[in-house]
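The next block holds one structure in the form of structure tokens; read it before the comments.
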Amino acid sequence: MAFTQYHNILGATARDNELVAIGDALRKTIKAIQITNVDASAEGTVSLYLYRNSTDAETDETIYILHDVVIPYTVSLLLDNPGILGFDNSKYSLHIEVGANDEIDVILST
């Protein structure tokens with residue numbers, strides 16, 4: 001997957017919304033992630049996590065940065081802690097999961 005800075009996410013299931021793939025060369029330059037609920041009529045639920053896929057399904061690993069965080073409509077959440085955003089991209093990919101009927105915009109700031 002090529003690095004994409006802007007994402008419009010419509011309700012989906014886990015691991016369908018990969019924001020940064022394993023081995024993506026740009027991952028070290030991510031300085032902030034802005035998550036905005038663009039649904040004008042409802043709050044949205046967001047989970048943001050690191051995922052490591054192994055050859056043995058029992059050792060797959062999911063590490064949540066956010067888990068089921070409710071974002072009111074027309075509100076943005078800004079994550080700008082380099083300690084959290086500086087994950088080991090040789091082992092982990094970054095994913096987002098949103099509620100089934102939610103619409104969320106994501107901007108990865110480099």
Looking at side-chain heavy atoms only, is the closest gap between [X] and [Y] below 4.5 Å?
| X | Y | result |
| --- | --- | --- |
| I65 | Y49 | no |
| I96 | V46 | yes |
| T74 | N37 | no |
| H7 | L108 | yes |

To the nearest 0.5 Å, how far apart are [atom1] in [X] and [atom2] in [Y]?
| X | Y | atom1 | atom2 | result |
| --- | --- | --- | --- | --- |
| I33 | Q5 | CD1 | CD | 11.5 Å |
| N89 | L94 | CG | CG | 9.0 Å |
| T45 | H67 | OG1 | NE2 | 10.5 Å |

With under 30° as parallel and over 60° as perpendicular, where do the rings of H95 and Y51 fit, or are they tilted in between?
perpendicular
Using the test side chain to side chain contact (heavy atoms under 4.5 Å, CB included), find all partners of I22 that sit at least two apart in sequence or belong to another chain.
S93
Set of side chain to side chain contact (heavy atoms under 4.5 Å, CB included) partners for N8, sequence neighbours left out
L10, V38, E103, D105
For D39 and D102, indicate whether the former's side chain and the latter's backbone hold a donor-acceptor pair under 3.5 Å.
no
Distance-minimising heavy-atom pair for Y73 and A42:
CB-O, 3.2 Å
Same apolar cluster: [X] and [Y], side chain cutoff 4.5 Å:
| X | Y | value |
| --- | --- | --- |
| L66 | I107 | no |
| V70 | V106 | no |
| V20 | I63 | yes |

Name the atoms and distances for all side-chain donor-acceptor pairs under 3.5 Å in residues 75-84, with sequence neighbours left out.
{"from": "S76", "atom 1": "OG", "to": "T36", "atom 2": "OG1", "distance (Å)": "2.7"}
{"from": "N81", "atom 1": "OD1", "to": "G83", "atom 2": "N", "distance (Å)": "2.7"}

For E61 and Y92, test the side chains for any donor-to-acceptor distance below 3.5 angstrom and give the result as yes or no.
yes
